[in-house]
Amino acid sequence: MSDSLSKKISSLMKERNWTKMTQIQEMAMEPILRGNNTLIIAPTGFGKTEAALLPILSLMSEGEQKPVSLIYVTPLKALINDITIRIDWWASKLGFVVSRKHGEVPQKEKNMRLRKAPHILVTTPEGLEIDMDWASKFRDNYRNVKWVIIDEIHELMGSKRGAQLFVLLERLKDFSGKDFQRIGLSATISNEELVANTLFGSSSRPKTIVKSEAGKEFRLKIRSIKDSGDVWVASAKIIKESLEPPTLVFTNSRFLTERLHEELERLGEKGIFVHHSSISRDSKSNAEENLRSGKAGAVLCTKTLELGIDVGKVKKIIMYRPPPSVASFLQRLGRSGHCVGGIPYGEIICVQDFDCLEALAIYSLSRKGKLEPPRRVRPLDVVAREILGMLLQYSSIKLERVFSIITASQVYRDLTREEFQNLISYLQRNNLVVVEGDELKLGKSFFKIWTFNRSNNFVWAKNFSEFFSLISNDDAFTLRSGEKIIGEIDAIYVYKHIRPGDLIRISGKLWKVARIHNGMMMVDLTPADRGEGEIPIWRGEGVPKSQLIPREIQELFKIGDKILESEILDDSAKASLKALMEKYVRSKLPLPSSSTIYMTVTDKETVYSTLIDERVANTIAHMLMYLASSKYTLNVYTRASIYGFSINITDRDLLRELVQMKEERIRKILFRSILRSPLFMSVEKEIQASFGKIGKINPKEDKLIIKEGLRQTVKRYFNIKGTLTTLKRIREGKIRIVRSELTPLGEAVLSHAPIKPWISGINILIYDALKGGAYTVHEISEMLSIPPRSLEVKLKQMRKTSTKYRVTSFVDVDSKEIRWCTVDELKQLVNSDEFYTSFAPINEDETFIAEMRSIEGSSNTELIFKPKQILENPEEFAKRIPMDEVGELRIHDPVDPMICNMSPRYYFVRRDIVPYLLLNASAYIQNLKYT
DNA sequence: GACCTGCTGCGGCATG
């Protein structure tokens with residue numbers, strides 16, 4: 001077959017001793033040479049890159065090439081580096097220039113690319129976005145594009161990054177006027193038609209899908225931890241026992257990689273590394289390097305090593321607890337067995353009995369060739385960004401052209417004219433765009449939101465570079481030792497748990513906390529060699545469990561005891577499964593299925609256990625939480641998993657109550673509980689800047705954001721249709737509710753982390769936390785696990801008149817910190833031992849001026865007073881305040897006007913507490929002046 | 001105890 005490649009390529013192959021092409025390379029060659037759009041599906045390590053590259057290089061070498069002929073897009077920076085080197089080996093010998101572009105490419109190299117445009121460019125979706133939007137000069141090279149390769153396309157399906165890239169391809173087509181050839185490389189994925197259509201978009205070239213049959217064979221064992229003692233020791237022992245260097249040990253959390261590393265080290269195991277997203281690039285590279293060179297016995301990792309990074313020859317895969325989906329199972333397993341003739345080989349280690357069920361279900365699904373289909377998404381915030389991108393590119397563009405480019409992509413092919421028009425009007429209202437006749441222009445707000453100098457601007461401003469990426473970030477502290485970056489931890493975890501002097505474990509090493517720089521969000525560490533270090537917990541979003549799993553478990557239960565005959569279960573796993581099933585038999589209960597819900601009332605929670613789509617469980621859980629909160633308001637929590645849901649209410653059957661409600665009311669509760677969930681709030685926050693909305697979202701003005709936020713939230717976390725069907729089936733008796741003792745799957749529900757109440761109930765929580773004291777933002781943040789920044793915003797809102805739970809703040813004269821308390825308790829605090837000094841001026845006879853502005857800002861009043869007058873009778877003094885509510889309160893020193901600047905300001909102050917805050921201000925000023 | 005991914009170009013100035 002390699003005869004069809006150009007002579008140059010064939011001789012290069014000989015030079016490399018490539019006598020034989022892999023199956024997928026053979027299969028892909030013809031269609032690519034023919035100019036077809038081609039989707040290549042094969043597991044990692046079967047030479048997909050070369051399958052696409054060699055025929056293209058062959059075509060390239062047969063004619064004259066102007067830069068940029070080939071764009072190679074891949075979602076990871078590490079892959080860009082890797083692939084650039086691989087491509088360059090061939091390209092340089094053919095006289096083609098290759099360059100790479102991503103955020104970490106050194107400036108020198110970036111400049112080189114701009115000076116001498118390459119024939120082949122390797123970049124990220126974001127890199128392409130930057131060039132299209134912003135690289136006014138380099139962009140012209142894109143007019144010559146003939147081929148685009150999208151690598152690891154399965155990673156981009158169903159995500160905003162993917163939607164962004166697929167629109168970019170249409171923009172590229174429109175800009176270049178060329179129907180370039182599109183080639184996609186994907187791991188095994190279901191619904192390949194959808195993937196192909198999404199990639200090929202509006203291209204009119206013939207299409208081909210080639211799929212490798214390789215990688216279907218594998219060896220797997222499912223084991224279970226029998227040990228009833230310490231689970232960590234038992235886990236480490238079983239891992240140690242099954243290591244066959246080099247081994248990759250996959251876990252489902254960053255915490256677990258660190259924790260197991262610690263335990264393995266205790267067992268004397270050497271040459272074990274950790275690899276996850278919160279350790280520095282250097283540590284990760286180090287682990288990869290040791291793995292490739294054979295020095296590492298094992299690497300404990302999360303999904304970071306599931307992706308296409310080259311890890312060399314891995315002998316065995318251990319999955320510590322089952323992976324979340326079949327796709328991820330196959331990807332993980334596929335990281336081994338790349339040795340010639342080798343087949344993937346590994347095992348799943350189960351900790352809980354139900355882990356064995358999941359493991360067996362995943363195995364069984366993979367045997368049947370079933371995989372999770374890619375999700376269809378159609379995010380409007382991405383449309384908004386792409387419109388803005390086109391406006392950066394063209395400065396003025398016809399509305400009609402924008403619409404046709406966007407709807408040319410498969411992702412947005414059903415975007416209606418009306419939706420588009422609504423979006424444009426909304427962007428126009430927020431000054432992100434300007435409409436002039438049928439032309440669209442960039443509005444003034446754009447560079448206010450995406451700014452070049454963030455420090456000079458308001459809190460909503462983002463760095464300009466963030467415009468190009470659709471991945472949002474949470475607050476985190478960077479950990480460093482000297483100049484070296486070690487990793488990062490969630491900001492909230494630092495506030496809550498980390499203090500100077502503490503020992504922590506990260507990156508498989510022990511460290512002592514030297515200093516915490518709050519402003520820079522930085523923690524200084526020094527290496528430590530002895531002691532117990534705390535391992536941080538990163539609170540991210542969970543990996544959603546595949547909905548195929550609960551369905552498959554139900555299928556497994558249908559064959560009953562026979563599942564124990566599966567040869568991939570070792571004795572320990574068989575024992576676990578047997579024990580699990582026997583518990584049902586002994587209680588004379590049918591084995592779990594989606595048509596039975598076991599209801600168990602424990603001392604704290606009512607548990608509803610069944611086999612259910614995780615999103616349906618999550619939706620019902622949120623509805624129960626809504627019902628519970630309307631009566632109990634505080635301390636409500638719930639749990640949701642593929643094994644059911646629970647609520648911490650034990651004296652009522654809330655599920656029964658919910659089911660018996662009228663359809664209309666159920667729908668109302670459903671939407672209200674979603675709109676109230678923190679999940680919705682964070683989605684809203686994530687998308688609002690893309691629409692030009694800054695500040696608080698207004699239900700009347702910002703319907704578009706609310707609607708889109710709701711749509712995205714539901715898509716990601718909830719399942720409305722499934723929930724309504726489930727509730728209906730319960731009502732109709734098609735799903736039975738059976739009261740029982742706690743079942744094994746009921747225990748599985750309880751082992752899930754609780755879901756806490758929604759943010760809007762937070763006012764009550766904060767108010768409650770403040771009761772009986774006065775606290776700084778960081779103290780409250782620790783108590784409630786709320787990030788300080790959002791907490792402060794919340795506290796400031798809670799000062800206002802309209803709030804039921806009203807708070808106020810004063811300066812702690814001793815520590816110079818701002819403390820918050822409830823308005824009603826301020827008077828008590830004034831007389832308390834703890835805060836007495838903050839309200840006791842040193843000189844009661846000094847004269848001050850109180851400047852008071854009304855809430856509307858219309859009137860301004862000055863009041864001259866001496867602290868003594870207040871102390872004599874605060875209530876009487878309050879009568880002299882000319883308004884019920886003071887919008888802004890400031891104190892001046894008539895003698896020393898400079899003091900003005902130091903004077904604390906108070907906002908939204910109720911008349912009766914004004915006297916006390918005046919005492920606080922005078923005490924503070926005098927403290928500054930006299931001590 | 002709950003994953004991962006990404007992030008200014010261009011032109012003009014000064015300096016060696």
Side-chain angles (χ1 to χ4, degrees), chain A residues 73-80 101-105 107 110-111 113-115 123-141 151-152 154-162 164-165 231-232 250-259 275-279 281 284 301-309 319 321 323-325 327-328 331-332 351-352 385 389 392-393 447 450-454 462-474 490 493 535-546 614 639-641 717 750-756 785:
Chain A
V73 181
T74 176
L76 295 183
K77 289 180 283 196
L79 281 180
I80 292 179
K101 175 188 168 63
H102 62 68
E104 283 167 32
V105 172
Q107 195 57 48
K110 280 186 183 170
N111 293 342
R113 177 186 86 117
L114 301 172
R115 271 206 308 277
T123 188
T124 57
E126 291 77 7
L128 187 56
E129 177 85 56
I130 292 165
D131 281 353
M132 288 301 287
D133 298 351
W134 193 240
S136 50
K137 205 170 153 222
F138 185 85
R139 186 167 53 216
D140 276 337
N141 296 305
D151 197 359
E152 307 274 341
H154 56 277
E155 274 299 312
L156 297 166
M157 291 303 298
S159 77
K160 289 188 183 183
R161 270 185 109 187
Q164 174 185 25
L165 177 60
V231 67
W232 300 116
F250 283 98
T251 72
N252 298 324
S253 79
R254 290 166 275 188
F255 174 85
L256 282 175
T257 61
E258 301 278 356
R259 186 66 186 83
H275 196 288
H276 58 75
S277 67
S278 293
I279 63 173
R281 183 62 244 162
K284 278 187 275 189
C301 62
T302 55
K303 199 192 163 190
T304 38
L305 285 183
E306 193 178 301
L307 307 161
I309 298 159
M319 291 174 241
R321 307 200 65 180
S325 66
S328 138
Q331 281 276 100
R332 289 178 185 188
V351 175
Q352 312 266 19
R385 290 267 188 116
L392 283 175
Q393 180 181 1
F447 289 103
W450 291 283
T451 155
F452 293 89
N453 190 352
R454 201 178 154 183
K462 294 169 182 297
N463 195 304
F464 181 65
S465 62
E466 287 177 54
F467 173 74
F468 306 106
S469 171
L470 282 150
I471 300 169
S472 58
N473 266 340
D474 291 334
D490 294 352
Y493 188 84
I535 296 171
I537 290 167
W538 291 269
R539 270 207 60 188
E541 244 167 49
V543 196
K545 277 232 161 97
S546 159
E614 198 172 54
R639 304 177 202 262
S641 81
Y717 311 106
L750 290 177
S751 75
H752 244 252
I755 302 165
K756 298 275 171 60
S785 307

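When reading the values below, keep in mind they use all heavy atoms of this one structure, side chains included, and skip hydrogens, waters and symmetry mates. Chain identifiers are assigned alphabetically (A, B, ...) following the order of the sequence lines, protein sequences preceding nucleic acid strands; residue numbering begins at 1 within each chain.
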Heavy-atom count check: over 12 atoms from other residues, nucleotides or ligands less than 6.0 Å from A:Asp474 CG? no
Using a 4.0 Å heavy-atom cut-off, does [X] contact any base of the nucleic acid, only the sugar-phosphate backbone, or nothing at all?
X	answer
A:Ile537	base
A:Ile471	base
A:Glu541	base
A:Ala135	sugar-phosphate
A:Phe138	sugar-phosphate
A:Lys545	nothing
A:Leu114	sugar-phosphate
A:His752	nothing

Assign the ring pair A:Phe255 / A:Trp232 to parallel, tilted or perpendicular, where the plane angle (0 to 90°) is split at 30° and 60°. perpendicular
If the plane angle is over 60° it's perpendicular, under 30° parallel, otherwise tilted; pick one for A:Phe464 and A:Phe447.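 Because their plane-to-plane angle is under 30°, the rings of A:Phe464 and A:Phe447 count as parallel.
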Quick check for you: among [options], whose closest atom lies nearest to any side-chain atom of [X]?
X	options	result
A:Lys137	B:dG9, B:dG1, B:dC10	B:dC10
A:Ser277	B:dA2, B:dC4, B:dC7	B:dC4
A:Thr304	B:dT8, B:dT5, B:dG6	B:dT5
A:His102	B:dC7, B:dT5, B:dG9	B:dC7
A:Leu76	B:dG9, B:dG1, B:dG6	B:dG6
A:Lys77	B:dC4, B:dC7, B:dT8	B:dC7

Is any side-chain nitrogen or oxygen of [X] closer than 4.0 Å to OP1 or OP2 of [N]?
X	N	value
A:Lys110	B:dC10	no
A:Arg161	B:dC4	no
A:Thr124	B:dG6	no
A:Ser136	B:dG9	no

Could you check whether the side chain of A:Asp131 and the base of B:dG9 have a donor-acceptor pair of N or O atoms closer than 3.5 Å, going by distance alone? no
Separation of [X] atom [atom1] from [N] atom [atom2], in whole Å?
X	N	atom1	atom2	result
A:Phe464	B:dC7	CZ	C1'	11 Å
A:Met157	B:dT5	CE	C1'	16 Å
A:Phe467	B:dC7	CZ	C1'	12 Å
A:Lys101	B:dG9	NZ	C1'	8 Å
A:Leu470	B:dC7	CG	C1'	11 Å
A:Phe250	B:dC4	CZ	P	12 Å
A:Asp474	B:dA2	CG	P	17 Å
A:Trp134	B:dG11	CH2	P	12 Å

Does A:Arg539 count as lying over the ring of A:Tyr493, i.e. NZ or CZ under 6.0 Å from the six-ring centre, within 45 degrees of the axis?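 No.
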Look only at the side chain of A:Thr124 and the backbone of A:Pro75, and say whether a donor-acceptor pair between them is shorter than 3.5 Å. no
Look only at the side chain of A:Arg639 and the backbone of A:His752, and say whether a donor-acceptor pair between them is shorter than 3.5 Å.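 Checking the backbone N and O of A:His752 against the side chain of A:Arg639, a donor-acceptor pair under 3.5 Å is found.
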Closest-nucleotide 5' rank along DNA chain B - winner of A:Leu256 and A:Phe468: A:Leu256
Using a 4.5 Å cut-off on heavy atoms from C-beta on, say whether the side chain of A:Phe452 contacts that of A:Asn463.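 Side-chain contact under 4.5 Å: no.
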